[in-house]
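As structure tokens, the structure follows; a few thoughts come after it.
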There are 2 protein chains.
Amino acid sequence: MPRAGLTSERVVRAGAELADEVGLEAVTVSALARAFGVRTASLYSHVDGATGLQEGIARLALDELADLAGEAVAGRSGKDALVALASAYRDYAGRHPGRYAATRLRLAADSVAVPAARRHATLTRSVLRGYPLDEAYAVHAVRLIGSVVHGFTALEVGGSFEHSAPASEESWARILDALDLTLRQWSSSAS
Amino acid sequence: MPRAGLTSERVVRAGAELADEVGLEAVTVSALARAFGVRTASLYSHVDGATGLQEGIARLALDELADLAGEAVAGRSGKDALVALASAYRDYAGRHPGRYAATRLRLAADSVAVPAARRHATLTRSVLRGYPLDEAYAVHAVRLIGSVVHGFTALEVGGSFEHSAPASEESWARILDALDLTLRQWSSSAS
DNA sequence: TGATTTGCCTAAACACTATAGGCGACCTAC
DNA sequence: GTAGGTCGCCTATAGTGTTTAGGCAAATCA
């Protein structure tokens, strides 16, 4: 019997693809084994069970997303950079809902995905360089950006915007306008 | 053998409590049966399996949350009402993480939780009466409020703010200031 | 008190997770 | 080119969760 050629990387990658197709909850070790045409037990030497698989998908997705976001932001600043960053997240979530869901898993402190998660924080801070923000406001700004981007994205992929007009696209543009304005105002004012 | 006195309501309520203690994913029909001291199969006449149970918890939580938010907003307007509404959500998520997670489930169009979900949209719109918003901006405003509140809340309960100072409480106050300001600006300007 | 309803039961089939240990496919060395 | 050894995928097995079908007894009501 020929071997299937499994590796941790290939298994996790297949898991990510499956997650985008059928949802993260439906990504089971069994389903993945079926996809590879091997027995379930065979995967346990490549990934650390169901939770290890999810962590692997989270790491993969966080890395991919940080790469895309970094690329989108490169060479831009101010509102341009903000919109590019935010839209990189939103687009990724739309194209890869399963992977995006994995990025939102609560990570264990020693998870393989922790380093990737840090890249995102630094990237957001770099976008803030385009805004002459008071250092004391930088954390709040990072958290605001994270909240707006993740909140909008989560509601959108969760279908919350599907039952009202107009298309979410338009709200997205207005909301980014407002976010940019807020960040510029925080620069000067500050209470 | 005496009967346990199960009803749909009691089962769903116990499910909600269990969700807050051990996480929504860990709420299984089996675990719930153990809690009641009955056999697993006995619950199937009261709730429609695992998915029915989750829908029931979602309905319960959405109703509870709409009640609390409605109460919080009553008699307030403008920024007061906005802060009360947003904080009702955030506080609920902090106190009842499992129930809150249930409110974020994607609902089937015919889910028992759909009517409860509608209450939330109308409640948010009522808060906007405190802002002389252009009708065309009302939808964007509802979506912005939803994004900020859910985004912040989700990141907070997900632990994303735990590894930076200061406490999220302070960011919450600054972010609500900014949200209020944005809504007041949208009233006049509008691009 | 006897008949009906209904609540919780047993039984059984099926899926997913996980571990232990075996056998054969592949690589390397001579 | 074949003899070893390694490691990849296997079988076997046990535990837990989901779900349906059908049975018996407790509650309800005449």
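What you see is a predicted model, and the numbers here were worked out from it, not measured in a lab. To find a chain, count down the sequence lines: A is the first, B the second, and so on, and within it residues start at 1.
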What is the distance from [atom1] of [X] to [atom2] of [N], rounded to the nearest Å?
X     : N      : atom1 : atom2 : result
A:H46 : D:dC7  : NE2   : C1'   : 9 Å
A:L53 : C:dT17 : CG    : C1'   : 12 Å
A:L43 : D:dT11 : CG    : P     : 14 Å
B:L6  : D:dA27 : CG    : C1'   : 15 Å
A:L32 : C:dT17 : CG    : P     : 10 Å
A:R34 : D:dC10 : CZ    : P     : 14 Å
B:Y44 : D:dG17 : OH    : P     : 11 Å

- A:S42 side-chain N/O to D:dG8 phosphate OP1/OP2 under 4.0 Å: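 No, outside the criterion.
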- Item | Under-4.0 Å side-chain N/O to phosphate OP1/OP2 contact, B:R39 with C:dG7 | no
Using a strict cut-off of less than 4.0 Å between a Lys/Arg side-chain nitrogen and an Asp/Glu carboxylate oxygen, indicate whether [X] and [Y] qualify as a salt bridge.
X     : Y     : result
B:E17 : B:R13 : no
B:E64 : B:R59 : no
B:R95 : B:D20 : no

- Query: So which nucleotide from C:dT19, C:dT17, D:dT20 ends up closest to the side chain of A:A41?
  - Reply: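 Shortest atom-to-atom distance from the side chain points to C:dT19.
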- Message: Of the listed nucleotides (C:dC16, D:dC10, D:dG17), which one gets closest to any side-chain atom of A:V38?
- Response: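 Side chain of A:V38 sits closest to D:dC10.
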Identify each donor-acceptor pair in which a side-chain atom of residues 49-58 of chain A lies under 3.5 Å from a protein atom, sequence neighbours left out, and give them as a table.
none

- Query: Hey, would you say the A:Y89 and A:Y100 ring centroids sit under 6.0 Å apart?
  - Reply: no
- What does B:A31 touch in the nucleic acid at a heavy-atom separation under 4.0 angstrom: a base, only the sugar-phosphate, or nothing?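 Touches nothing.
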- Query: How would you label the contact of A:S30 with the nucleic acid (heavy atoms, under 4.0 Å): base, sugar-phosphate, or nothing?
  - Reply: base
- Item | Set of salt bridge (charged side-chain N to carboxylate O under 4.0 Å, His left out) partners for B:R143, sequence neighbours left out | none
- Query: Mind checking whether B:F152 and B:F161 have parallel, tilted or perpendicular rings, split at 30° and 60°?
  - Reply: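 Tilted.
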- Task: Take the C1' atoms of the five end pairs on each side of the helix from C:dT1-D:dA30 to C:dC30-D:dG1, get both axes, and report the angle to 10 degrees.
- Result: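 Nearest ten degrees gives 10° for this helix.
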